[in-house]
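What follows is a short report on a single structure.
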Amino acid sequence: MPPKLHTKFDDKPEPSASKPEKSSSIQGNSLKHVLEDGGSDLSHTHVAKRARLGILKPESHTKVTPSIQPQKARHSQTKDTTSTQAQIPGAPEIKKKVQNLKPNGVHQPNPQLLQKAAKELEKVRKQLPIWSKKADIRWALRNNDVLLLNGETGSGKSTQTPQFLYSEPWCKKRTVKVKSKDERDEEVSVGGVIAVTEPRRVAATTLARRVAREMGSYIGKGTGSGPVGYAVRFDSYTPKGMKIKFVTEGMLLQEMLHDPHLRQYSAVIVDEIHERSVDVDLIAGFLRKLIHGDKRGRGGIPLKVVIMSATLDLGGLEAFFSKPEALSNYKPVAVEYVEGRQYDVNIFYEVKPSQDYFQNMLQTILKLHTTERLPGDILAFLTGQEEIDTMQTQLEQIAANLVKTVPRMKVMPLYGALSGQAQQDAFEKVKEPFTRKIVLATNIAETSVTVSGVHFVVDCGKSKVKQYRPQLGMESLLAKPISKVSAIQRAGRAGRETTGKCFRIYTEEDFTKLEMDELPEILRSDVVEAVLKMKACGVDNVLDFPLMDSPDIKAMEIALVQLHIMGALDEAGNLTGTGDKMARYPLPAAYGRVIIAAAESDCLLDTIDIISCLTSDTEVFLQPKTEEDQEAIETARTALENSRGDILTYLETVHHYTAENADRNDWCQKRLISTRSMKMAMSIRRQLRQICFHQKLIAELPPPDPQPVEEISPERAEIILKTFLKAFGTRTAVLGASGYHTTQGHHEITIHPSSVLYGKKVEAIMFLDNVYTAKNYAKKVSAIQANWIVEALEI
DNA sequence: GAGCACTGC
């Protein structure tokens, strides 16, 4: 029986969702979906949030001001403030005006027009839910060092909070006296800028652009002047007079290596802390130390901290940032709650646990497609590329046989490995008439991007999660149930533009059994990088470092030992000069170690070329789809493949690519090499060369490309491989009667088919990557001599 | 002959 439907703020049922015929039409088929009270389900999370706010001690100076926005406000147009498709809510015409501003002179747009546009934008800003909290937020930070701000999606927290604060009296730049390392007094300036951290580059740059416009400025090129800037890898803009700076989390950590007291800043705003990346966990720990520790490094000036999140455990965070020994009248933390803007989404569950969620999902998508009226696209969450490809094939087969009265289907895959253009295609609105877009996505669509036009979400309830096993030093990737927060986030994707529906391919009971939050990344990863960063930022005892969630002590100890073996830490566990250098490369610690070894053995430039390929975010060598392609590609690649393995194959590839001066895209296409990957590799190569030049590891920057291809002599190859062995000596295996066995632990290991050494038998191998899937596979493999291993491990 | 989500310096 369909239960009574009502929305959270309005007891009147939504007309489209409440028609009994419609719900019974869903119930009356094999899908057996039960119509659930979606409004109350989503509002359940709101209730939960308020309930958690209630945990706060009454004596702690907490301002709890949950507010319910009137229905009207909730039904105005909303957009994700951090999405790549970020738009100014309700003001497309203003956006257009701003974009069309004609430059006055050469670079600067007309200031009067900018001011006028900002004035217009202010009208829109005043309608944002957070606007009514302006005074509360300012008041909170005048009286506290820390503010926890729980702002839902669409509340405007990311764009407005820094603007509320930059003109506050505590935000002024000051000149103070501090003690230098050798106990001398020196004058430094402290404060004046607010940093806002974002987990992704697109978020940092698009938010900066938007806030600049709201402030009557704009983001230009090179050095300009203006109140807003940003810094992400490979790109930054820090104008004169900058008051607000959007940065990625990794970038702020990098800044902390040079400026551990964050003297540039009056405040740090941490956005999206609920995503809980390793970097944001480290930032939270450092900020807590800065707030609670002595402030002499900042000349006594406190750093203000705002922690922002859409969904967060405020109780836990409040405890984390409170001083444990707080006096009864000490008020360290304030809490604000801002209602977001989101249309209601009705949730439908399976009645019975599904045996085959893939088939159920297929059925649900078809049912939605054939019964729901247009417009209204479908977004389906699956676990991975393979599932998505299969689903696409099956849906398209069925679509070909649909009757003419049913809309046509446009099936679009969406996952990270797709090219930028292919991803863009999934965002585009369908142009064809009488057609419904069906986007099959991984959890890239959960946070990173917004797909427009979606009214229906189908959620399989699973996602692939990386899990690290410290004892084995191995990672595995498994499909696991998602968290409640994730499930709600996925459902919310149906309510961006209008009231939506979400079909969960699992039972309501399964939903209640889900964990509230995802396990934070720091508990699922190798902590070598995290430990090195802590050490480099001056943390002597990493086991004492305040973390919201501390990894297993064993995992920390293994990381410490690993860093000692690599020479980053001495016997006493103190950071060495090598370790300090390693922490400053934008690379995993092991590759940092290789760079240093390379400088000593005079193969630095070649090593940089190799590491640039290895750390580019997509695979360099694409996989051919058909067998004919396979043969053609293999012939085209012969000049690049080096019989000594994958490392030297990458080197050959960079040598040939950079020697190519005619058409690099064409060069890549002929060899089925990813152009995106090679472009990124070239950026990394430039950055690493620059850093090594500054560290004086190379005397001068190498001449620009193209350079003639140099043959890699056997002697040179040996030097390069031995250089990598200095960091990867423990990642080796020797050939026995029954295949390869690792030198550490004597586990059986097989060379992965993606390696040029696949199926080859050599005396010993070194592998940079190790995954456990069907077998224990070694990836990125090189042929070495067994006696080199002993040599490498002795040093 | 494998099959892998996402992000960041």
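Residue numbers begin at 1 in each chain, while the letters A, B, ... track the order of the sequences.
- To the nearest angstrom, P of B:dA5 lies 9 Å from CD of A:E386.
- Contact annotation for A:V278: no contact, since no heavy-atom pair falls under 4.0 Å across all strands.
- With sequence neighbours excluded, no residue forms a side-chain hydrogen bond (donor to acceptor under 3.5 Å, both in side chains) with A:H694.
- Here A:D646 does not pair with A:K779 in a salt bridge; the nearest charged N to carboxylate O distance is not below 4.0 Å.
- Using a cut-off of 4.0 Å between Lys/Arg side-chain N and Asp/Glu carboxylate O, A:R200 and A:E275 are scored as salt-bridged.
- When the P atom of B:dA5 is taken as reference, atom CD of A:Q385 falls 5 Å away, rounded to whole Å.
- Ring pair A:F724/A:Y591 is perpendicular by interplanar angle, where above 60° counts as perpendicular and below 30° as parallel.
- Base contact: A:Y585 has a heavy atom under 4.0 Å from a base atom.
- Legend: residues meeting ring pair (Phe, Tyr, Trp, His ring centres under 6.0 Å) with A:F621, ordered by chain and number and at least two apart, are A:Y650.
- Atom CZ of A:R233 and atom P of B:dC9 are 6 Å apart (whole Å).
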Each base of DNA chain B marked ( ) or [ ] if paired in-strand (Watson-Crick or G-U under 3.5 Å), | if paired to another strand and . if unpaired gives .........
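- Within the structure, every side-chain polar atom (N or O) of A:S277 is placed at least 4.0 Å from both OP1 and OP2 of B:dC6.
- Applying the side-chain hydrogen bond (donor to acceptor under 3.5 Å, both in side chains) rule to A:T742 yields no partners; only residues at least two apart in sequence or on another chain are considered.
- Contacts of A:D235 classified as side-chain hydrogen bond (donor to acceptor under 3.5 Å, both in side chains), with partners at least two apart in sequence or in another chain: A:Y230.
- Looking at the side chain of A:Q254, the nearest of the listed nucleotides B:dC9, B:dG8, B:dC4 is B:dC9.
- The distance from atom NZ of A:K775 to atom P of B:dG1 is 9 Å, rounded to the nearest whole Å.
- Residue contacts for A:T442: at a heavy-atom cut-off of 4.0 Å it reaches the sugar-phosphate backbone alone, with no base atom in range.
- Atom pair A:M534:CE and B:dC9:P shows a separation of 19 Å (rounding to whole Å applied).
- Backbone-only contact: A:R201 has heavy atoms under 4.0 Å from sugar-phosphate atoms and none from a base.
- Look at CD on A:E272: it is 14 Å from C1' on B:dC6, rounded to the nearest Å.
- Heavy atoms of A:K466 sit under 4.0 angstrom from at least one base atom.
- Minimum atom distance to the side chain of A:P586 is reached by B:dC9, of the listed B:dC9, B:dA5, B:dG8.
- Distance from the side chain of A:N443 is smallest for B:dA5 among the nucleotides B:dC9, B:dA5, B:dA2.
- Nearest-nucleotide positions on DNA chain B for A:P588 and A:R524 put A:R524 closer to the 5' end.
- With sequence neighbours left out, A:Y585 forms a ring pair (Phe, Tyr, Trp, His ring centres under 6.0 Å) with no residue at all.
- Closest approach to the A:K779 side chain among B:dA2, B:dC4, B:dT7 is made by B:dC4 (side chain taken as heavy atoms from C-beta onward).
- Residue contacts for A:L587: at a heavy-atom cut-off of 4.0 Å it reaches a base atom on one of the strands shown.
- Spacing between atom CZ of A:F246 and atom C1' of B:dG8 amounts to 18 Å, rounded to whole angstrom units.
- Remark: C1' of B:dC4 and CD1 of A:I444 are 14 Å apart, rounded to the nearest angstrom.
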